[in-house]
K.L.:
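Take this structure first; my questions come after.
All of these numbers come straight from a predicted model, not from anything done at the bench. Numbers restart at 1 for each chain; the letters A, B, ... are given by sequence-line order, proteins then strands.
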Amino acid sequence: MSVRLRFAPSPTGELHIGSVRTILYNHLFARQRGGRLILRIEDTDQERLVPGAVDSIYAGLHWLGITWDEGPREGGPHAPYVQSERLPLYQKHAQELVAKGAAYYCFCSKERLAELRRQQEARHELTRYDRHCRNIPVAEATARAKAESHVVRLKVPDEGTLSIEDLVHGHIEWQVNTIEDQVLLKSDGFPTYHLAVVVDDHVMGITHIMRGEEWVASVPKHLLIYRAFSWDIPPMAHFPSVLGPDGKKLSKRHGATAVAEFRKDAYLPEALINYLALVGWAPGSEEEIFSMDDLTRLWKIEQVQSSPGKWDKERLDFFNGVWIRRLSVDELVRRLEPFVPADWDRETLKRIVPHIQERMKTLKDAKDQIAFLFTDDITYDPKDLVPAKRDPAGTVEALAKVTVHLRYLEPFIATRIEAALKAVAEEMDWKQGDVNKPVRLAITGRTIGPPLYESLEVLGRDRSLQRIEGAMDALGKANS
RNA sequence: GGCCCGGUCGCCUAGUGGACUAGGGCGCUUCCCUUUCAAGGAAGAGGUCAGGGGUUCGAAUCCCCUCCGGGCUACCA
């Protein structure tokens with residue numbers, strides 16, 4: 001039988017980078033076994049819904065190259081894939097649980113619950129539901145439930161132990177008496193997470209449950225529900241969290257956390273996937289540059305770490321650089337599109353890109369490095385034209401020689417330009433760097449940038465000469 | 001507080017009783033290359049494997065205790 005996995009985000013905001021890692025692992029597991037992947041929207045908390053969240057989940061996942069087979073917009077044999085559209089299913093199952101004696105109606109008001117909690121806290125007791133409604137006779141409770149506001153609660157047995165063999169953590173065990181009579185169906189008729197996951201995972205034929213570690217604590221409640229329905233319990237894997245650099249929950253304080261932000265910040269999806277896969281998993285070999293296909297082939301759930309990892313932006317940046325360098329020039333130009341002004345000439349862009357490819361950490365870095373080709377507004381302090389231990393007059397002389405050599409150079413290409421500037425250095429008896437420094441500043445307005453000779457070539461003879469002469473003027477004035 | 005999960009260089013990690021004088025990558029330092037910056041190459045610093053007890057001829061690897069960190073403890077997911 002082929003595997004069926006699901007990822008089940010809540011539409012409560014932007015897609016978090018930590019959830020992406022979980023989704024990635026689900027994806028890899030399903031894909032490497034030729035299984036099916038299901039996207040299910042868990043929107044059972046009506047108060048936390050954020051408009052547009054589903055759109056951003058779709059956008060983020062598509063951008064990352066994560067694919068799935070069944071979902072709200074794709075449809076599938078178990079539609080609908082949005083929990084708020086499946087309410088009758090959960091209500092029916094809640095009633096069944098009551099009928100089986102595995103759950104009960106509870107009529108306690110929120111006020112009573114709050115007061116109960118307050119008293120328990122005052123007495124330093126465990127704060128949990130006191131089972132006040134647990135022993136109302138079923139007939140009476142059923143009758144009241146028709147007219148009164150109520151919830152359905154799980155009837156947790158008094159004793160016993162529950163356990164799973166987690167795919168990443170191994171054996172985990174709980175004493176049943178540490179578990180609360182959890183609400184399963186809320187008074188608004190919506191299920192809580194606990195009821196909804198169990199019902200949907202079963203009904204949708206999910207064969208492996210893989211989710212974040214924050215869910216382990218609720219596993220025993222789920223186990224009780226499975227047991228009450230006599231359903232098979234799928235194997236589970238709980239992936240460790242991705243924490244902030246300080247060991248706390250990864251949040252906005254630590255920088256970007258939403259997939260959309262990384263896209264906006266000019267990261268490559270390949271890099272993000274590669275980096276993320278390696279937080280919590282390692283292949284055991286010394287390779288670490290992996291595409292989605294590589295990962296699908298190599299990733300093994302047995303190798304997933306059980307300890308949490310920390311977010312390391314420096315390392316992400318490194319992977320981003322690696323993936324930028326792997327792109328073809330044409331592809332790089334395409335990826336640069338959103339990060340470069342629309343009116344910049346694409347032919348020029350294409351000519352300079354090979355020379356900045358290995359100088360970028362993110363796609364955003366390109367713009368500043370090559371702006372000099374697309375504007376004639378170059379500014380700098382003329383004093384900076386003069387190399388260390390040289391003087392303004394000498395610098396003017398050197399620049400003059402440069403203009404002489406470049407004026408009739410044919411063809412005006414990098415190799416010839418290089419020879420010309422070398423000749424100048426020789427004539428001046430200067431280090432090459434001393435000749436190149438003022439030229440670079442003159443034509444780019446910056447002290448660092450793409451290789452000089454190629455920069456001059458792409459800039460073209462006329463604009464190059466103009467700028468160098470401009471520099472000579474500026475120096476002359478500053479000097480007189 | 002209770003219940004769970006975890007703890008190998010600053011960070012990601014390899015390691016599953018002997019090849020470990022604990023390996024790789026990021027970051028850092030130095031050097032080489034060199035027209036700047038990168039990229040690339042080379043070298044280096046950095047770890048009492050959280051601490052303490054065991055078990056064993058032998059432990060990062062198995063057991064116990066302690067400490068530290070994280071998650072959960074809602075009519076949130």
K.L.:
Over all strands shown, is A:T178 touching base, sugar-phosphate only, or nothing at heavy-atom distances under 4.0 angstrom?
P.N.:
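Sugar-phosphate: the residue A:T178, judged by heavy atoms under 4.0 Å, touches backbone atoms but no base.
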K.L.:
When both hydrogen-bonding distances must be under 3.5 Å and the geometry is Watson-Crick or G-U wobble, what is B:rA19 paired with, if anything?
P.N.:
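Across any shown strand, B:rA19 pairs with none.
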K.L.:
Would you say the base of B:rU35 and the side-chain of A:R440 have a donor-acceptor pair closer than 3.5 Å?
P.N.:
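A donor-acceptor contact between them is present.
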K.L.:
I want to verify a distance call: between B:rU13, B:rU35, B:rA38, whose nearest atom is closest to the A:R359 side chain?
P.N.:
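Among the listed nucleotides, the one closest to the side chain of A:R359 is B:rA38.
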K.L.:
Using the C1' atom as the reference point in each nucleotide, state the distance between B:rG46 and B:rU66 in Å, no decimals.
P.N.:
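Going atom to atom, C1' in each nucleotide, I get 28 Å.
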K.L.:
Tell me the partner of B:rU29, counting only Watson-Crick (N1-N3 plus N6-O4 or O6-N4) or G-U wobble (N1-O2 and O6-N3) with both under 3.5 Å; none if nothing fits.
P.N.:
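Partner of B:rU29: B:rA43.
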K.L.:
It should be established whether A:R117 places a side-chain nitrogen or oxygen under 4.0 Å from OP1 or OP2 of nucleotide B:rA74.
P.N.:
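Yes, A:R117 has a side-chain N/O under 4.0 Å of OP1/OP2 on B:rA74.
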K.L.:
Going by heavy atoms in the side chains, are A:E454 and A:I417 under 4.5 Å from each other?
P.N.:
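No, their side chains stay 4.5 Å or more apart.
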K.L.:
Strictly below 4.0 Å: does A:R153 bring a side-chain N or O up to OP1 or OP2 of B:rC75?
P.N.:
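A:R153 to B:rC75 OP1/OP2: side-chain N or O found under 4.0 Å.
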K.L.:
For A:F319, which contact category applies under a 4.0 Å heavy-atom criterion: base, sugar-phosphate, or nothing?
P.N.:
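No contact at all - A:F319 keeps every heavy atom at 4.0 Å or more from the nucleic acid.
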K.L.:
Would you call A:R40 and A:E42 a salt bridge, taking side-chain N to carboxylate O under 4.0 Å as the test?
P.N.:
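Yes, A:R40 and A:E42 are salt-bridged.
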K.L.:
Return the nearest nucleotide to the side chain of A:I448; candidates are B:rU35, B:rC75, B:rU36.
P.N.:
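Given the options B:rU35, B:rC75, B:rU36, the side chain of A:I448 is closest to B:rU36.
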K.L.:
Between A:H405 and A:E427, is the side-chain hydrogen bond (donor to acceptor under 3.5 Å, both in side chains) condition met? List the steps.
P.N.:
CA-CA 11 Å; A:H405 278 87; A:E427 289 169 26; 3.2 Å; yes
K.L.:
Across the strands shown, which category fits A:S285 at heavy-atom distances under 4.0 angstrom: base, sugar-phosphate, nothing?
P.N.:
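It contacts nothing in the nucleic acid.
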K.L.:
Considering every strand and a 4.0 Å limit on heavy-atom distances, what is the contact class for A:H169: base, sugar-phosphate, or nothing?
P.N.:
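A:H169: backbone/sugar contact only, no base atoms under 4.0 Å.
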K.L.:
I'd like the C1' distance from B:rG6 over to B:rU29, given in whole Å.
P.N.:
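Between the two C1' atoms, the distance is 33 Å.
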K.L.:
Looking only at atom types and distance, does a side-chain atom of A:D45 sit under 3.5 Å from a main-chain N or O of A:Y193, one as donor and one as acceptor?
P.N.:
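Checked: no pair found.
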K.L.:
Applying a 4.0 Å non-hydrogen cut-off, can you work out what A:L452 is touching in the nucleic acid: base, sugar-phosphate, or nothing?
P.N.:
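It contacts base atoms.
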K.L.:
Without decimals, in angstroms, what is the distance between A:L195 CG and B:rA74 C1'?
P.N.:
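Roughly 16 Å, once rounded to whole Å.
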K.L.:
Return the nucleotide paired to B:rC67: Watson-Crick means purine N1 to pyrimidine N3 with N6-O4 or O6-N4, wobble means G-U with N1-O2 and O6-N3, both under 3.5 Å.
P.N.:
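Base partner found: B:rG7.
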K.L.:
Would you say the base of B:rC5 and the side-chain of A:S306 have a donor-acceptor pair closer than 3.5 Å?
P.N.:
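Per atom types, no contact qualifies.
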K.L.:
Using a heavy-atom cut-off of 4.0 Å across all strands, would you classify A:P191 as base, sugar-phosphate, or nothing?
P.N.:
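Here A:P191 touches the backbone only, sparing every base.
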K.L.:
Within the structure, does a side-chain N or O atom of A:R325 lie under 4.0 Å from either OP1 or OP2 of B:rG40?
P.N.:
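Yes, within the criterion.
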K.L.:
Send over the distance from A:Y275 OH to B:rG27 P, rounded to a whole Å.
P.N.:
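After rounding, the gap between these two atoms is 13 Å.
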K.L.:
Between A:Y90 and A:D200, is the side-chain hydrogen bond (donor to acceptor under 3.5 Å, both in side chains) condition met? List the steps.
P.N.:
CA-CA 9 Å; A:Y90 311 122; A:D200 280 343; 2.5 Å; yes
K.L.:
Categorize A:F318 for me: base, sugar-phosphate, or nothing, with a 4.0 angstrom heavy-atom threshold over every strand shown.
P.N.:
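If one applies the 4.0 Å heavy-atom cut-off, A:F318 turns out to touch the sugar-phosphate alone, with no base involved.
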K.L.:
Roughly, in whole Å, what's the span from CG in A:L243 to P in B:rC68?
P.N.:
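In whole Å, B:rC68 P lies 18 Å from A:L243 CG.
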K.L.:
Let's see if you can work this out: which of B:rU35, B:rC72, B:rG1 has an atom nearest to the side-chain heavy atoms of A:K422?
P.N.:
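That would be B:rU35.
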K.L.:
Side-chain N or O of A:S10 versus OP1/OP2 of B:rC76: is the shortest distance under 4.0 Å?
P.N.:
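No, outside the criterion.
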K.L.:
Taking A:G189's backbone N and O only, do any of them form a donor-acceptor pair with A:Q91's side chain (distance below 3.5 Å, no angle check)?
P.N.:
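Yes, because the side chain of A:Q91 sits within donor-acceptor range (under 3.5 Å) of the backbone of A:G189.
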K.L.:
Using a cut-off of strictly less than 4.0 Å, decide whether A:K248 has a side-chain nitrogen or oxygen near OP1 or OP2 of B:rG70.
P.N.:
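The answer is yes; a side-chain N or O of A:K248 sits under 4.0 Å from OP1 or OP2.
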K.L.:
Taking atom C1' of B:rU36 as reference, at what distance in whole Å does atom CD of A:E418 sit?
P.N.:
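After rounding, the reported distance stands at 14 Å.
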K.L.:
For the P atoms, the ones on B:rG10 and on B:rA45, what distance do you get once it is rounded to whole angstrom?
P.N.:
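Straight-line distance between the two P atoms is 15 Å.
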K.L.:
Using the P atom as the point on both nucleotides, what is the distance between B:rU55 and B:rC28, in whole Å?
P.N.:
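47 Å, rounded to whole Å.
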K.L.:
Does A:K186 make a side-chain N or O approach to OP1 or OP2 of B:rA77 shorter than 4.0 Å?
P.N.:
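Yes.
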K.L.:
Would a 4.5 Å heavy-atom cut-off, applied to side chains only, mark A:V279 and A:D312 as touching?
P.N.:
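When only atoms from C-beta onward are counted, A:D312 and A:V279 do not touch, as no gap falls below 4.5 Å.
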